[in-house]
2 protein chains.
Amino acid sequence: MSRVREAAGNGRMIRPLSGGEPLRLEPLKLGERIRDIRRRHSWTLEEASRRTGLARSTLSKIENEQMSPTFEVVQKLAAGLEIELPQLFEATAAGGATGRRTITRQGEGRPRVTATYEHELLSVELAQRKMVPFKTRVRARSFDSFSDWVRHSGEEFLYVLEGRIAFYTEFYEPVVLAAGDSVYYDSDMGHACVSVSDDDALILWVSTA
Amino acid sequence: MSRVREAAGNGRMIRPLSGGEPLRLEPLKLGERIRDIRRRHSWTLEEASRRTGLARSTLSKIENEQMSPTFEVVQKLAAGLEIELPQLFEATAAGGATGRRTITRQGEGRPRVTATYEHELLSVELAQRKMVPFKTRVRARSFDSFSDWVRHSGEEFLYVLEGRIAFYTEFYEPVVLAAGDSVYYDSDMGHACVSVSDDDALILWVSTA
DNA sequence: GGAGTATGTTTCCTATCGGAAATTCATCCG
DNA sequence: CGGATGAATTTCCGATAGGAAACATACTCC
């Protein structure tokens, strides 16, 4: 049975950061950090060894702060343990680390209708999120129904779910996007889109908060 | 005519991404990086030596990739050169190419296949973006094919495009998501998903960078 | 030109890293 | 208990990181 099923399905959940170890990542206990990552994945030194290509003994010594790995080795560690290098050194505000999660079912977002768009804000329950996702219905042949750019600081990702839209931005030629196409852009650059299909177009938008 | 059409239609364009370079995924040239930082401050090896407490020769060898510094030394480097550790390892926008918009056509992202997922990274041409979008194919009935949580700092938004998946996270009960459903969660909380439909499931993922 | 100065590179040589194997520690059995 | 199995730790030793000092290569200024 897969470990996830075990962990997620039955009662035996991997507890957050159980009382035992606080997992605080003080100014750079690389050893602890490595060990923690390994433990979280329930990897033995042997498994970690296979993954990283490093000797068990080496890993053991690193975890116990008995040696300072060379940069080369650090890279192997990051790769093998499937963690991004910068992440390895980030001072995570660990502590309680209470994960958050919110589900939004099809059609159950918070609607916000404007002249041009029919937005449906997703994941509204979650305050203080770094991204703002919403689904938007662009009315069919809305070509002439609006008059100005939308512009707001941040970045935006747009993915076309259904239909075809013409996507306009300042400085660029307009482009037609069909279902499955996507675009990423700085949203302080004026932008707008219109449906060019016979039906409404449906797009998924994610903005930085 | 709408102002958008006007504005977008005329010829004045900022050049997008320099078409030439494919944005190489560098193996992280630490030496070059260090040398850049030092040069930028107009520090001599001697000065850098005083700042870091490392020998001139050592610095020289590191910059010329003639040796792999130990982690201890890397720490001293970061401290002495007044740069945050994670920053040292962040993938730089190599070419400097600050594109402000990038289109990714259906199926034309950069594939990344793992045992469990078939990712397609979107908008890869755009370096230094705050979000990382990708589309993922989750193999049908992949229920037993993986064994561990995915976990990385940041937040994540998931939208189901096709099929049905079971979405697992630590601390929560697993939940089944169908096309059109979405979830927003802290991605440092272990998470994973499997397809529970007869066909592969297709999901759109956006992570904070 | 030659002496002097400032910067980066290349020797050494020792301390230590990193891997193979031996050793310890823990947990199951019979 | 003794043996067996699987994990982590600790030797041991060759390879290499890192420092001191010598060397190389500019630039000055006289």
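Just so we're on the same page: letters track the sequence lines, and every chain starts at 1.
Of the side-chain N and O atoms in A:R38, none sit less than 4.0 angstrom from OP1 or OP2 of D:dA7. Dashed line: the shortest gap from a side-chain N or O of A:R35 to OP1 or OP2 of D:dT9 is under 4.0 Å.
Under the salt bridge (Lys or Arg N to Asp or Glu O under 4.0 Å) criterion, A:E118 pairs with A:R139, sequence neighbours left out. Applying the salt bridge (Lys or Arg N to Asp or Glu O under 4.0 Å) test to B:E46 and every residue at least two apart in sequence or in another chain returns B:R56. Every residue two or more places apart in sequence or in another chain that forms a salt bridge (Lys or Arg N to Asp or Glu O under 4.0 Å) with A:R137 is listed here: A:D200. Looking at residues two or more places apart in sequence or on another chain, you find a side chain to side chain contact (heavy atoms under 4.5 Å, CB included) between B:T58 and B:A55, B:I62, B:M67. For B:E120, the salt bridge (Lys or Arg N to Asp or Glu O under 4.0 Å) criterion is met by no residue, not counting sequence neighbours.
You'll find the ring centres of B:H191 and B:Y168 outside the 6.0 Å limit.
Between the CD atom of A:E46 and the P atom of C:dA20 there is a distance of 11 Å, given to the nearest Å. Atom CG of A:L45 is separated from atom P of C:dC25 by 16 Å (rounded to the nearest Å). Computed from coordinates, the B:E63 CD to C:dT10 C1' distance equals 15 Å when rounded to whole Å. Remark: C1' of C:dG18 and CG of A:N64 are 15 Å apart, rounded to the nearest angstrom. Taking atom CD on A:E65 and atom P on D:dT10, their separation rounds to 14 Å, with Å as the unit.
Looking at the side chain of B:S60, the nearest of the listed nucleotides D:dT9, D:dA8, C:dT9 is C:dT9.
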| said: Can you build the contact string for nucleotides 13-28 of chain D? Use B for base contact, S for sugar-phosphate-only contact, and - for no protein heavy atom under 4.0 Å. | reply: ----SBBBBB------
